[in-house]
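As structure tokens, the structure follows; a few thoughts come after it.
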Amino acid sequence: MAAELTAHELIAAHRPTLDQALEAIRTRAYWSPHPEHPKAYGENGSLDMAAGKAAFDALLGSRLDLGQPGTDDWVGGEVSPYGIDLGVEYPHADLDVLLPAMKAGQKAWRDAGAEIRAVVCLEILKRISDRTHEFAHAVMHTSGQAFMMAFQAGGPHAQDRGLEAVAYAYVEQVRTPDTAEWTKPQGKRDPLALTKRFTPVPRGIGLVIGCNTFPTWNGYPGLFASLATGNAVLVKPHPRAVLPLALTVQVARSVLAEAGFDPNLVALAAERPGEGIAKTLATRPEIRIIDYTGSTEFGDWLEANARQAQVYTEKAGVNSVFVESARDYKGMLANLAFSLSLYSGQMCTTPQNLLIPRDGIRTDEGPKTYDEVVADLARAVDGLLGDDARANALLGAIVNPDVKARVEAAAGLGEVALASREVTNPEFPGAVVRTPVLVKLDGAKPDDEASYMSECFGPVSFAVAVDSAADGVELLRRTIREKGAMTVGAYTTDEEVEQAVQEVCLEEAAQLSLNLVGGVYVNQTAAFSDFHGSGGNPAANSALCDGAFVANRFRVVEVRREA
């Protein structure tokens, strides 16, 4: 296969970016090569915005032919949470044809080496970045995210996470030198001398099982970690969010072919309605790596049953914020209101339980009772979402009927401090938009515990009354240990309480945010600096992204001979 992109060209274009990424993960400082603002793309940002929308519109009702082997049918059926029938058709694969074809290209990809694999991956990310506006609409109309969030989280932030995975993959592969000369003295006899060669080899085919809410943000780390370490990657999107990952596969296949590699190193596995191919794929012997984001139930099943594969899961947990005292009461309320509202709480990092002492808290505005704190937070959310235009921009749309049902059922779980209301979206009348519901629960009542100790995914939060700071810390510990947590937040002016909360999070391996009152929120993380999840509690068995996330996707094989 003749390469249109030479190794020299790829290294010249992307090695500087790779080096910057390596420095960023070393220092943990802020860095991103992908602009967050829509107008930063193209010579004329507004024209690029229009072009991206036009490109998305052109996809509607089309057939996305990826040129994959083994296509035996065409499938589709995505309906946007905003009420639009996408009508896009995707290839359905005969796995007995597709999987051998994918494996065939791995030898050349393995032999290319870590640097070439890395810069090819960066070229894929660059081309995705050039189409960020188009991808933003694809993410918006499959996840229900509002456009600006879909643009940022589904575009530059997802691309950052993919690049981060490539950087970690490169670091781990070059940790061992390519060759070594080994000499062992033997006293008066001639020394023993060996020449050794070390080669990172892929495990096999990686399977990425996509999620509905963040198809690119959650999909790119595993995809690029596996690809950069020499593995072929099969992408199995969520049936309601195929388009963003299908476009990703399309770009990857094009770049691989232009770089002289087999495009079948990356392929799509779309499914018929109700087919449920994830379990079938996950237990096939060709699949040696699995990346999964979604429900705890299926994540647990994968960990127990996909025994032939290295399984990386991000499942679910019960995220808590412990409010013991506040040095900036208004700032705390504003920060929490935004965290509860963003994308209708449909993030694995959104706080669910607000642990508040029943005797109240100390603040810079004087003492506040439990009831006052809850009422003030309800007013803060109401104020944030009082204008429907702003509410639509923050909330997006409810991603599926199950979330809507949970919002409606939450009102029956306890005293409602803030009722959810319906918001109309003039641009998309078919969108289901709901503001958050906040329910007061007594942390000492067994019936209430059943509610707050279960994940309630969506815009539902519980104000849980605890007897004391010590009880709040202990409930925080038990929640993380038993249910897991992707995030933990705490507000306190007491040094002993702060130390106690930190110790809980260190012992239970949960990521902690303390006293956030500005423009950084507990449910947001920055690539190259923040770890998303820890891999150390039941919410996830891996972290995005660290060395452990990439190092076991390949093995090092040694060939030694006498010098």
Side-chain angles (χ1 to χ4, degrees), residues 66-70 90-91 93 95 98-110 112 114 116-118 120-125 127-128 158-159 161-166 168-170 173 200-211 215-238 242 244-257 259 261-271 277-278 281-282 284-293 302 306 308-313 542 544-545 549-550 552-554:
L66 300 175
Q68 295 183 177
Y90 308 97
L95 298 176
L98 180 60
L99 291 174
M102 295 182 70
K103 195 163 184 177
Q106 278 195 156
K107 180 182 183 299
W109 187 235
R110 177 201 71 200
I116 294 300
R117 287 194 293 270
V120 169
C121 287
L122 265 60
E123 176 67 20
I124 296 170
L125 285 164
R127 297 205 191 172
I128 291 170
Q159 295 153 23
R161 284 297 183 189
L163 174 54
E164 177 186 50
V166 173
Y168 271 100
Y170 179 79
Q173 289 173 98
V201 299
R203 278 188 172 271
I205 297 176
L207 172 66
V208 175
I209 302 176
C211 68
T216 55
W217 199 100
N218 279 112
Y220 284 4
L223 192 166
F224 285 99
S226 286
L227 192 61
T229 49
N231 304 277
V233 182
L234 181 60
V235 179
K236 204 297 289 183
H238 191 284
V242 182
L245 290 177
L247 293 174
T248 301
V249 169
Q250 183 185 53
V251 173
R253 291 175 62 84
S254 175
V255 170
L256 285 163
F261 296 102
D262 191 335
N264 295 322
L265 286 165
V266 178
L268 186 77
E271 56 190 316
I277 62 172
L281 280 169
R284 285 192 64 124
E286 303 96 329
I287 300 300
R288 303 303 300 277
I289 303 166
I290 298 173
D291 288 276
Y292 168 75
T293 300
L302 287 170
Q308 85 293 349
Q310 184 71 26
V311 179
Y312 299 89
T313 60
S542 57
L544 304 179
C545 184
F549 185 69
V550 299
N552 217 12
R553 294 171 190 264
F554 69 95

Which atom of [X] lies closest to which atom of [Y], heavy atoms considered:
X	Y	answer
Ala169	Ala228	CB-CB, 3.8 Å
Ala270	Ile277	O-CD1, 4.2 Å
Pro200	Phe554	CB-CD1, 3.7 Å
Pro202	Arg110	CD-CG, 3.7 Å
Pro263	Arg253	O-NH1, 3.2 Å
Val233	Met102	O-CE, 3.2 Å

Any side-chain heavy atom of [X] within less than 4.5 Å of one from [Y]?
X	Y	result
Ile124	Ile128	yes
Ile290	Lys236	no
Gln310	Arg203	yes
Val120	Leu256	yes
Val249	Tyr90	no

Sorted by chain and residue number, the ring pair (Phe, Tyr, Trp, His ring centres under 6.0 Å) partners of Phe549 (sequence neighbours excluded) come out as Tyr312
Heavy-atom donor-acceptor pair, [X] side chain to [Y] backbone, under 3.5 Å:
X	Y	answer
Glu271	His238	no
Gln308	Arg284	yes
Gln68	Leu98	no
Thr229	Ser226	yes
Trp109	Asp262	no
Glu164	Pro221	no

What's the spacing between [X] [atom1] and [Y] [atom2] if we round to 0.5 Å?
X	Y	atom1	atom2	value
Ile287	Ile209	CD1	CD1	9.0 Å
Leu544	Trp217	CG	CH2	5.5 Å
Gln159	Thr248	CD	OG1	9.0 Å
Leu163	Phe224	CG	CZ	9.5 Å
Ile205	Leu281	CD1	CG	10.0 Å
Leu207	Leu302	CG	CG	8.5 Å

Test of understanding: with salt bridge (charged side-chain N to carboxylate O under 4.0 Å, His left out), list the residues that count as partners of Arg117, not counting sequence neighbours. none
Evaluate Asn231 against Arg288 for side-chain contact (heavy atoms from CB on, under 4.5 Å), listing each step before the verdict. CA-CA 9 Å; Asn231 304 277; Arg288 303 303 300 277; 6.0 Å; no
In chain order, what residues pass the side chain to side chain contact (heavy atoms under 4.5 Å, CB included) check against Ala101, with sequence neighbours excluded?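 Here the qualifying residues are Pro69, Asn264.
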